Amino acid sequence: MSFDIQKIRSDFPILNRKVYGKPLVYFDNAATTQKPRAVIDRITDYYTNENCNIHRGVHHLSQAATTAFEDTREQIARFINASKKEEIIITKGTTESINLIASSFGRDILQKGDEVLITAMEHHSNLVPWQMLCFEKEASLRVVPFNDKGEIEMSAYKDHINDKTRIIALAHVSNTLGTINPVKEMIQYAHGKNVPVLIDGAQALSHLKVDVSDLDCDFYCFSGHKAYGPMGVGVLYAKEKHLEAMPPYQTGGEMVESVSFFETTFNVLPFKFEAGTPNVEAVLGMGAAIKYLEETGMESIEDYEDDLLAYGTQKLKKIEGVQLYGTACKKTGVLSFLIDNIHPYDAGTIIDKFSIAVRTGHHCAQPVMDRFGIPGTIRASFAMYNTKEEIDQLVEAIHQVKKMFG
Amino acid sequence: MSFDIQKIRSDFPILNRKVYGKPLVYFDNAATTQKPRAVIDRITDYYTNENCNIHRGVHHLSQAATTAFEDTREQIARFINASKKEEIIITKGTTESINLIASSFGRDILQKGDEVLITAMEHHSNLVPWQMLCFEKEASLRVVPFNDKGEIEMSAYKDHINDKTRIIALAHVSNTLGTINPVKEMIQYAHGKNVPVLIDGAQALSHLKVDVSDLDCDFYCFSGHKAYGPMGVGVLYAKEKHLEAMPPYQTGGEMVESVSFFETTFNVLPFKFEAGTPNVEAVLGMGAAIKYLEETGMESIEDYEDDLLAYGTQKLKKIEGVQLYGTACKKTGVLSFLIDNIHPYDAGTIIDKFSIAVRTGHHCAQPVMDRFGIPGTIRASFAMYNTKEEIDQLVEAIHQVKKMFG
Amino acid sequence: MTIKEIQEQIITEFGNFDDWMDRYNHLIDMGKSCPLIDEKYKTKSFLISGCQSRVWLHASMSDGEIIFTADSDAVITKGIVNLLIRVFSKQPADDIIAADIAFIDEIGLNEHLSPTRSNGLMSMIKQMKLYALAFKTKAANQ
Amino acid sequence: MTIKEIQEQIITEFGNFDDWMDRYNHLIDMGKSCPLIDEKYKTKSFLISGCQSRVWLHASMSDGEIIFTADSDAVITKGIVNLLIRVFSKQPADDIIAADIAFIDEIGLNEHLSPTRSNGLMSMIKQMKLYALAFKTKAANQ
Ligand SMILES: Cc1ncc(COP(=O)(O)O)c(C=O)c1O
Ligand SMILES: Cc1ncc(COP(=O)(O)O)c(C=O)c1O
């Protein structure tokens with residue numbers, strides 16, 4: 001196999017660090033992933049040799065940085081198989097990408113009495129912007145429920161679409177349950193009813209091969225920092241026809257073509273949606289992360305993580321009193337669970353003392369917790385650098401938690 | 001003197017690089033400044049040892065990163081003398097800070113027939129958002145002109161304020177002309193008329209001691225990358241009373257307190273305005289930049305740059321055919337000029353060949369160009385690491401340009 | 001005992017433990033002891049909301065001393081709540097207002113008091129001092 | 001001469017210069033030569049807007065060949081415009097459509113053709129090829 005876990009671990013400097021005197025076990029990857037050396041070095045190089053504001057500068061540094069920036073835009077387009085680089089808008093993250101669409105596209109198409117459809121497993125970032133929009137427009141937010149395993153059933157989904165549905169926004173992968181939604185089918189059905197679909201891909205990009213042309217989604221959003229890239233950068237992929245029709249979101253800087261006090265004309269795509277100095281550093285860093293993902297191979301990563309998930313699931317199921325939330329047939333490496341009646345805060349505090357980083361709480365998906373009637377979960381989420389040995393350590397820690405609170 | 005230019009130059013790794021075989025002379029500092037090693041190292045350290053998503057995590061990495069992040073917020077508050085850290089909102093840059101205010105505050109207070117006041121020297125980022133807002137609200141955008149030297153006269157300013165004026169937005173320092181506006185006086189006068197004032201401080205922070213309490217401004221905006229910090233981070237300072245009253249801007253993630261499908265309550269300040277995963281890396285990097293500024297001493301920097309400006313002004317004035325734009329009495333180190341009738345693109349192309357980075361064009365302030373009836377200028381803008389010898393090289397290059405196009 | 005003396009007592013008590021596990025086991029024991037607050041006060045108006053664990057706090061005045069009762073839904077938080085009650089309850093308002101809570105640091109539980117921890121403990125201490133201030137003001141006005 | 005031959009000629013011509021300054025002096029000389037476009041075409045409809053320097057382009061068809069005239073407000077841009085006209089004007093549509101413009105790279109002026117340069121040159125080349133395509137289609141339909 002081409003997947004050499006020791007080599008991969010050695011690519012991530014932070015895995016050498018100790019917490020409370022023992023090697024860090026990092027299972028908080030759904031919150032943010034760690035960065036390979038290639039990404040860190042790209043940033044250092046940039047500031048050491050290339051730093052410059054881009055676009056419109058004729059001097060050497062500015063030309064070189066602009067070229068590197070625009071080349072990365074093309075690289076991103078290729079990586080998710082967009083048909084052209086003008087469809088790649090750089091944002092600061094998934095949350096901003098979704099807000100942009102809710103504000104520019106949503107405000108344009110939504111009228112009083114219309115409906116926006118989401119699912120019950122959305123992250124707050126793919127829920128609150130739609131809720132606010134519906135509130136503003138006197139439209140209704142409709143919610144497709146999920147079943148006990150954490151799956152959206154196609155029949156339930158179809159039942160919620162009607163001739164008032166104006167846009168559907170749904171997660172490719174749930175951050176809390178790990179569920180991989182059948183988004184291709186869901187998009188196809190929606191398009192049959194002429195409804196555009198936004199996919200929140202924040203939790204998908206580092207785990208699955210994403211192909212926006214194959215999915216045929218109208219919008220696809222993700223964050224660099226959840227896919228081994230730097231913080232402060234995200235992507236909004238959108239079909240060109242939508243971007244052309246949409247009004248700009250933020251204004252100022254390079255997104256204008258000409259300005260007088262009486263009128264302003266906006267720049268062409270993609271610049272029309274990129275107001276202010278772009279985060280060149282983070283875009284180049286994201287380019288390095290994508291290169292790293294491609295070199296490692298998305299399929300190898302998926303296989304390896306599937307294996308980790310199967311192992312972890314089986315181990316956790318064996319522990320008496322452990323209750324798993326999210327047991328969909330198609331899942332990424334996310335294990336959300338509770339131990340007996342122990343409060344997640346208590347469990348998390350003790351697990352941390354074993355140098356293991358898990359997240360506890362509602363994971364910005366409070367409605368998921370409400371659905372199960374629990375205050376929160378303990379969540380271990382895997383990345384390509386995790387190992388079965390680390391899962392064993394988690395199992396050990398869970399036994400200790402049980403002992404201490406038993 | 002405590003200002004040791006050789007030491008300072010050695011703190012900026014990029015100054016070692018060559019362009020076309022000769023040492024880089026970087027005079028494009030108003031577009032973005034270079035970064036001292038302390039900032040680059042802070043970023044590397046962060047990703048090598050500390051990287052984590054912040055807030056709400058109970059594990060060690062998350063706690064440590066959250067503390068570092070919030071400590072930096074306090075450091076920023078101290079640096080600009082805000083009264084509390086809750087008044088410091090982290091954004092991705094000046095443009096976003098201004099858009100946030102135009103959208104959340106402006107939309108709330110502006111009615112049909114009202115007026116927004118700006119000046120004729122604003123950057124597009126402090127013009128277009130207000131223009132769009134006025135368009136949406138059927139309000140008018142009024143513009144205070146500047147005189148031939150590039151100064152706003154207090155009498156002209158006062159004449160433009162009337163009982164329809166709802167907000168005033170103006171640059172602390174002009175990015176094209178270098179003019180330092182008498183913002184304290186201007187704010188005082190506006191407050192006498194009960195009009196709140198936003199200051200665009202993008203070009204001020206790295207050159208002057210900024211004291212928002214002394215200025216008594218309602219809003220103050222700046223970008224990290226123009227003050228020796230990383231890209232992708234900016235600040236919105238706002239008085240607490242405004243932040244409390246304003247609706248949120250972007251939604252999702254940590255900015256909510258509790259969420260159900262029926263209602264959402266928002267988090268307390270400053271989190272209410274920080275949707276999505278914050279750019280921890282860049283915030284910590286900006287903290288390192290501020291530390292560097294404080295250690296160097298804002299007064300020393302100001303004195304040193306004043307000296308550079310005086311030297312450069314005198315040298316450029318001596319060259320026949322060079323026309324300076326922006327000769328205000330109070331200026332930062334910005335020299336905007338044209339050479340004879342030579343197009344700025346032509347001049348910039350040749351100056352670049354001498355390894356000197358200047359910016360040419362309208363500098364995102366087209367109305368300033370219209371005011372002077374020119375297509376653009378050549379702009380050399382100084383930072384603390386520039387020297388008189390570098391200015392001499394620019395003068396040499398200008399002579400060559402004259403020769404080539406003469 | 002004064003606030004200072006109680007804090008010293010607690011520090012001595014925790015001084016007996018060699019490692020974090022013993023310390024936490026002790027804390028958990030304290031957390032498991034029966035609820036410290038009357039159930040009728042476990043309502044929204046007495047809730048101090050941290051986003052992960054919740055704390056309820058009630059205060060009353062009796063003979064010049066302030067009586068605090070409290071509870072939490074997480075055991076570790078409850079253990080610390082218990083310690084804070086031991087320190088602050090049945091003390092004069094002035095002492096509560098002036099007190100610092102250095103003992104939490106010294107017994108190695110400071111992480112739980114970080115303002116970024118969002119377990120409600122930081123707000124609880126703030127709230128206790130506010131109550132003390134309020135009772136003091138009220139007494140002065142009578 | 002064919003497009004290819006003209007390109008080779010230009011490469012030889014520029015091959016005589018040792019350094020960038022001579023190259024640019026030559027370009028500037030070419031840029032200074034009288035306007036290449038009828039003044040009446042220097043209007044908005046013939047403008048190709050780059051944000052720093054502007055280019056005006058006009059095309060017409062005569063005897064199966066396309067005649068381009070153009071101008072720019074910046075001298076260096078105009079010099080390159082001049083070169084492009086030399087290469088593409090009075091050529092058959094098919095040749096223009098098929099041509100690549102490698103010579104710009106070989107004479108060391110590639111930076112000016114970067115799509116990020118915003119001097120209008122990249123758009124000019126695109127526009128020239130579009131004109132060729134349009135004339136070809138028109139001819140085929142007649
Ligand atoms: C005066 C002024 N305001 C606003 C901006 C916009 O800053 P940013 O691009 O970092 O958002 C700039 C810089 O481009 C500026 O010089
Ligand atoms: C499914 C999902 N959507 C959206 C987000 C928001 O991403 P960000 O915080 O990077 O904007 C997250 C992560 O927090 C997520 O998991």
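Quick note on labels: first sequence line is chain A, next is B, and so on, each numbered from 1. Just so you know, these numbers come straight off a predicted model, no measurement behind them.
The parts of A:Ala120 that come within reach of chain B are both its backbone and its side chain, each placing non-hydrogen atoms under 4.5 angstrom from that chain. Using a 4.5 Å cut-off between heavy atoms, A:Tyr20 touches chain B through its side chain atoms alone. Proximity to chain B (any heavy atom under 4.5 Å) is shown, for A:Phe27, by neither the backbone nor the side chain. Heavy atoms of B:Pro278 lying under 4.5 Å from chain A belong exclusively to its backbone. Contacts of B:Phe262 with chain A are made by backbone atoms alone, with heavy-atom separations under 4.5 Å and no side-chain atom involved. Looking at B:Val143, the atoms closer than 4.5 Å to chain A (heavy atoms on both sides) all sit in the side chain, from C-beta outward. Interface residue A:Val256: only side-chain heavy atoms are found under 4.5 Å from chain B. Both the backbone and the side chain of A:Val280 have a heavy atom closer than 4.5 Å to some heavy atom of chain B. With a threshold of 4.5 angstrom between heavy atoms, A:Asn51 approaches chain B through its backbone and through its side chain. Using a 4.5 Å cut-off between heavy atoms, A:Glu96 touches chain B through backbone and side chain atoms alike. Residue A:Pro247: no heavy atom, backbone or side chain, is found under 4.5 Å from chain B. Looking at A:Thr94, there are no atoms closer than 4.5 Å to chain B (heavy atoms on both sides), in backbone or side chain. When heavy atoms are compared at a cutoff of 4.5 Å, A:Asn279 approaches chain B by way of both its backbone and its side chain.
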- Check the pair B:Asn16, A:Thr48 against side chain to side chain contact (heavy atoms under 4.5 Å, CB included), reporting the backbone distance first and the verdict last. CA-CA 9 Å; B:Asn16 292 322; A:Thr48 306; over 6 Å; no
- Carefully, step by step, assess A:Tyr345 and B:Val58 under the rule side chain to side chain contact (heavy atoms under 4.5 Å, CB included). CA-CA 7 Å; A:Tyr345 180 80; B:Val58 300; 3.6 Å; yes
- Message: Determine whether A:His60 and B:Lys353 satisfy the following criterion, side chain to side chain contact (heavy atoms under 4.5 Å, CB included), listing intermediate values before the conclusion.
- Response: CA-CA 8 Å; A:His60 179 81; B:Lys353 293 285 182 237; over 6 Å; no
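Most heavy-atom pairs under 4.5 Å with chain B, from the set A:Leu24, A:Asp370, A:Val358: that is A:Val358. Comparing B:Thr33, B:Thr95, B:Leu15 by heavy-atom pairs within less than 4.5 Å of chain A, the highest count is held by B:Thr95. When the candidates A:Thr44, A:Ile43, A:Leu61, A:Val19 are compared by the number of heavy-atom contacts under 4.5 Å with chain B, A:Leu61 comes out ahead. Annotation: maximal heavy-atom pairing with chain B below 4.5 Å, among A:Met132, A:Gln131, A:Lys35, occurs at A:Gln131. Looking only at heavy-atom pairs under 4.5 Å with chain A, the residue among B:Ser260, B:Ser258, B:Ser223 that has the most is B:Ser258. When the candidates A:Tyr249, A:Tyr46, A:Phe135 are compared by the number of heavy-atom contacts under 4.5 Å with chain B, A:Tyr249 comes out ahead. Most heavy-atom pairs under 4.5 Å with chain B: of the set A:Gln250, A:Met255, A:Gln366, A:Glu254, this distinction falls to A:Gln250. Counting heavy-atom pairs closer than 4.5 Å to chain A, the top residue among B:Leu141, B:Ile14, B:Leu100, B:Val39 is B:Ile14. Per-residue counts of heavy-atom pairs under 4.5 Å with chain A were compared for B:Gly253, B:Gly276, B:Ser355, B:Cys364; the largest is that of B:Gly253. Chosen from A:Pro13, A:Cys52, A:Ala282, the residue pairing most often with chain B at heavy-atom distances under 4.5 Å is A:Cys52. Among B:Thr360, B:Thr277, B:Ile356, the residue with the largest count of heavy-atom pairs under 4.5 Å with chain A is B:Thr277.
Electrostatic pairing of A:Arg17 and B:Glu50 does not count as a salt bridge here, judged by no charged N lying under 4.0 Å from a carboxylate O.
The CG atom of A:Asn53 sits 11.5 Å away from atom CG of B:Asn29, with the distance rounded to the nearest 0.5 Å. Rounding to the nearest 0.5 Å gives a distance of 6.5 Å between OG1 of A:Thr264 and CG of B:Leu127. Taking OG1 of B:Thr32 as the start and CD1 of A:Ile54 as the end, the distance is 11.0 Å to the nearest 0.5 Å. Rounding to the nearest 0.5 Å gives a distance of 6.5 Å between NZ of A:Lys92 and NZ of B:Lys92.
With a 4.5 Å cut-off on side-chain heavy atoms, B:Phe261 and A:Ile118 count as touching.
The two residues A:Pro230 and B:Glu281 have their closest heavy-atom pair at CB-OE1, 4.0 Å.
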